[in-house]
2 protein chains.
Amino acid sequence: MGRPAERPVPTSADVARLAGVSRATVSYVLNNTSAVRISEPTRRKVREAAEELAYIPHAAARSLRAGHTRIVLLPTAHVPIGPLHSRFLNELQWALRRLDYTVVQYGSLGLDGDEAARAWAELRPVAVVSLGEIALTPHGVEILKRSGAKAVITLGPRRVEGAHALVMDQREIGNCAVDHLLERGRRRIGVVMPEEPGLELFSEPRLAGARAAAASSTGARVEPVPLSYTEESAGALAARWGGLDLDAVYAYNDEYAMLLMRALQDAGVDIPGDVAVLGADNLLLGKLLRPRLSTVRIDLVTGQRLAALVDRVVRDPGGEPERHDLMGALAVRRESS
Amino acid sequence: MGRPAERPVPTSADVARLAGVSRATVSYVLNNTSAVRISEPTRRKVREAAEELAYIPHAAARSLRAGHTRIVLLPTAHVPIGPLHSRFLNELQWALRRLDYTVVQYGSLGLDGDEAARAWAELRPVAVVSLGEIALTPHGVEILKRSGAKAVITLGPRRVEGAHALVMDQREIGNCAVDHLLERGRRRIGVVMPEEPGLELFSEPRLAGARAAAASSTGARVEPVPLSYTEESAGALAARWGGLDLDAVYAYNDEYAMLLMRALQDAGVDIPGDVAVLGADNLLLGKLLRPRLSTVRIDLVTGQRLAALVDRVVRDPGGEPERHDLMGALAVRRESS
DNA sequence: TTGAAAGCGCTACCAA
DNA sequence: TTGGTAGCGCTTTCAA
């Protein structure tokens, strides 16, 4: 076990040499090429030689020859988005692997849309599934398609020209939240805007949805309320709460909601008497608070379904860019609203 | 914008043709090869041709030629491990990208150690950083190194022969937790064991650490307590709590701790009077409960530091397989203990 | 049933 | 300063 890294990595030529056959034969045997019949003794010789050398094919060489890869590129978030999101991502990866794709996560720090697209294109992915954290431009989509991507799928708040769009419309959530609060008789509604960078892509559309919902109701008012995910920030907000004159707040998600609710309670605000509080994500932890936190349950598409869709588009790229709605939002009333 | 996918992807030969130069020159210009001086007009011609064709180099071809890749392979979890872990993962990816590595996450569902290693090796990664969720065998390490991996790094509870081990010893955490509880005068200590599959890799060593800590103190007793992450499970556990005869519980992490604490409170158990409750991870949410949740703060190595380490090992693979301890654990007392 | 050889896109050596 | 070209490891015709 001295320094095994010294001798060079065995190639199919090495296997051929050891087995006393040609490289072609090696390829046939190891890939079980059905169009060609190889005698059993030869097969065994090849297999044994491969085994002995611990031969492992070289994916890059293979796909260079093949002219295409099975890479699905997943640009990664710059910021952790939340438990829901990361569970979804895991599921998606898992399902794609099942379909024999190689999932490459690509963090695109500090690259703007087109630079990022170019970097991604170097890997010649057969598909790109953008979760929407990086702004993919129509031009970026064009770059990717030109480089051989069969499917470019955006899965986020924005719709991008040219891409197969699986729109996950965050406005839905804000809409649903405010609808619920209106139904509960509230009219002066705060909407928490997280100050953590990177979350605007989600919070802005949610706010827009909230506004849209309020617009349909006379006398309703929506007020954005900035908040960082710290106790200090929540405390400061609670301290000036009286001046805000709000009777309800949709707090972006359950985590921010829990934070804010505690701060309000500590400041003597009665919930839901003085203020209704609503989160989103339907976390288990929200049920542990008193009052139990009302929330918006978000039904994401399952990773499996999305993976199947990716596969379909890859196999038949001709289809028109489709637009699917992949998200449902449903208010779950508990005790805080 | 009819069907841009039709015409083939441009290669450096196309660029050369359009610019009226050789492929070599194209390569020199686009890579800024310093060993060769190219006249400014030629450079411009090449650049313009590349621009016009929207030329994008082919990463596989490049690395085939180069004889090595810059891929760092990150086998992914089968299960979501928790917020701390996923933040760490993000950070690591980010830092590796900074160092110009291509991060490939590879979900290894249903593959056993050696199959997985073989699959990974096909990509010829320059480094593999195993977070420990898949059992990497010494043989698997051998396979990877033979296929050209300069660094095989395990980052988990287990130590693997042949790999550069960055041990993240989970026992530390259980140890620290129980030490704290002993110090607070508790002797009959429950240790929550999550029933969710995949977490044993973390919970078992933590339990072992807890036992070790208790062993050093006369009269102390450690009792594993199974719990799923549901209200029902917590309720059932709380209902039979009296029979367990425990005066403290280390609840795996803050989320399980919050769940259990609420269930105990609802069952009329006084915290910390009757039972001290201790979590781990130092989540913000724990501070929102009453009593405030005591916790074990886990100081993970930063993704940045780990990335730097990967880079060092890649550049100098000769060094002995090192063993680093990358985790610190520190009890943070609030009000629940 | 097997082998010889072309060629995927790229870089780097050697010659001009 | 630039071009010709070999060759990275693999698959796949076409011949034998």
Side-chain angles (χ1 to χ4, degrees), chain A residues 8-47 49-50 53-71 121-126 146-148, chain B residues 8-47 49-50 53-71 121-126 146-148:
Chain A
V9 184
T11 73
S12 75
D14 297 322
V15 176
R17 197 156 25 241
L18 181 59
V21 300
S22 75
R23 289 156 64 218
T25 306
V26 171
S27 176
Y28 293 143
V29 171
L30 297 184
N31 294 315
N32 281 315
T33 310
S34 54
V36 161
R37 304 215 59 75
I38 305 277
S39 71
E40 200 44 55
T42 307
R43 297 188 105 86
R44 206 179 21 256
K45 270 193 306 188
V46 170
R47 293 234 160 80
L53 295 177
Y55 167 71
I56 295 193
H58 191 306
R62 180 178 283 170
S63 60
L64 180 58
R65 167 68 223 224
H68 59 258
T69 69
R70 298 273 301 164
I71 292 176
E122 293 196 1
L123 299 180
R124 298 292 191 271
V126 69
R146 262 178 143 73
S147 80
Chain B
V9 184
T11 72
S12 76
D14 297 322
V15 176
R17 200 159 20 245
L18 181 59
V21 300
S22 76
R23 290 156 63 219
T25 305
V26 171
S27 176
Y28 293 143
V29 171
L30 297 183
N31 294 316
N32 281 316
T33 310
S34 54
V36 160
R37 306 215 59 75
I38 305 278
S39 70
E40 201 43 55
T42 307
R43 297 187 106 87
R44 206 179 18 257
K45 270 193 306 186
V46 170
R47 293 234 159 79
L53 294 177
Y55 167 72
I56 296 193
H58 191 307
R62 180 179 283 170
S63 60
L64 180 58
R65 167 69 223 225
H68 59 258
T69 69
R70 298 274 300 165
I71 291 175
E122 293 197 0
L123 299 179
R124 298 292 190 273
V126 69
R146 262 179 143 74
S147 79

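Order of the sequence lines fixes the chain letters, A, B, ..., with proteins taken first and strands second; residue numbering starts at 1 for each chain.
- Summarising the geometry, the separation between CG on L30(A) and C1' on dG9(D) is reported as 13 Å, rounded to the nearest angstrom.
- Taking the side chain to side chain donor-acceptor pair (under 3.5 Å) definition, one finds that S12(B) meets it with nothing, sequence neighbours left out.
- Distances shorter than 4.0 Å separate some side-chain N or O of T42(A) from OP1 or OP2 on dT2(C).
- To the nearest angstrom, P of dT2(D) lies 12 Å from CZ of R44(B).
- Residue-to-nucleotide proximity on DNA chain D shows that, of A61(B) and R37(B), the 5′-proximal contact is made by R37(B).
- The side chain of S22(A) contributes an N or O atom lying less than 4.0 Å from OP1 or OP2 of dG3(C).
- Applying the side chain to side chain donor-acceptor pair (under 3.5 Å) criterion to R17(A), with sequence neighbours excluded, gives D14(A).
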Practice item. Between protein and nucleotides 11-16 of chain D, map the contacts as a letter string: B base, S sugar-phosphate only, - none, heavy atoms under 4.0 Å, written 5' to 3'. Key: BBB---
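- Considering every non-hydrogen atom in both A50(B) and V15(B), the closest pair reads N-CG1, 3.8 Å.
- With sequence neighbours left out, A121(A) forms a side-chain contact (heavy atoms from CB on, under 4.5 Å) with I143(A), L144(A), S147(A), I56(B).
- Within the structure, side-chain hydrogen bond (donor to acceptor under 3.5 Å, both in side chains) pairs that include any residue of residues 54-71 of chain A do not occur (at least two apart or interchain).
- Between the CG atom of L64(B) and the C1' atom of dC8(C) there is a distance of 9 Å, rounded to whole Å.
- Separating the NZ atom in K45(B) from the CZ atom in R47(B) is a distance of 13.5 Å, to the nearest 0.5 Å.
- Taking atom CZ on R43(B) and atom P on dT1(D), their separation rounds to 10 Å, with Å as the unit.
- Rounded to whole Å, atom P of dC8(C) lies 18 Å from atom NE2 of H58(A).
- One can place CD1 of I38(B) at 13 Å from P of dT11(C), the figure rounded to the nearest angstrom.
- Put simply, CZ on R17(A) is 14 Å from P on dG3(C), counting in whole angstrom units.
- At the heavy-atom level, S63(A) lies nowhere under 4.0 Å from the strands shown.
- Between H68(B) atom NE2 and dA12(C) atom C1' there is a gap of 13 Å when expressed in whole angstrom units.
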For residues 26-34 of chain A, tabulate all N or O donor-acceptor pairs below 3.5 Å that involve a side-chain atom, not counting sequence neighbours.
{"unit_1": "S27(A)", "atom_1": "OG", "unit_2": "N31(A)", "atom_2": "ND2", "d": "3.3"}
{"unit_1": "N31(A)", "atom_1": "ND2", "unit_2": "S27(A)", "atom_2": "O", "d": "3.1"}

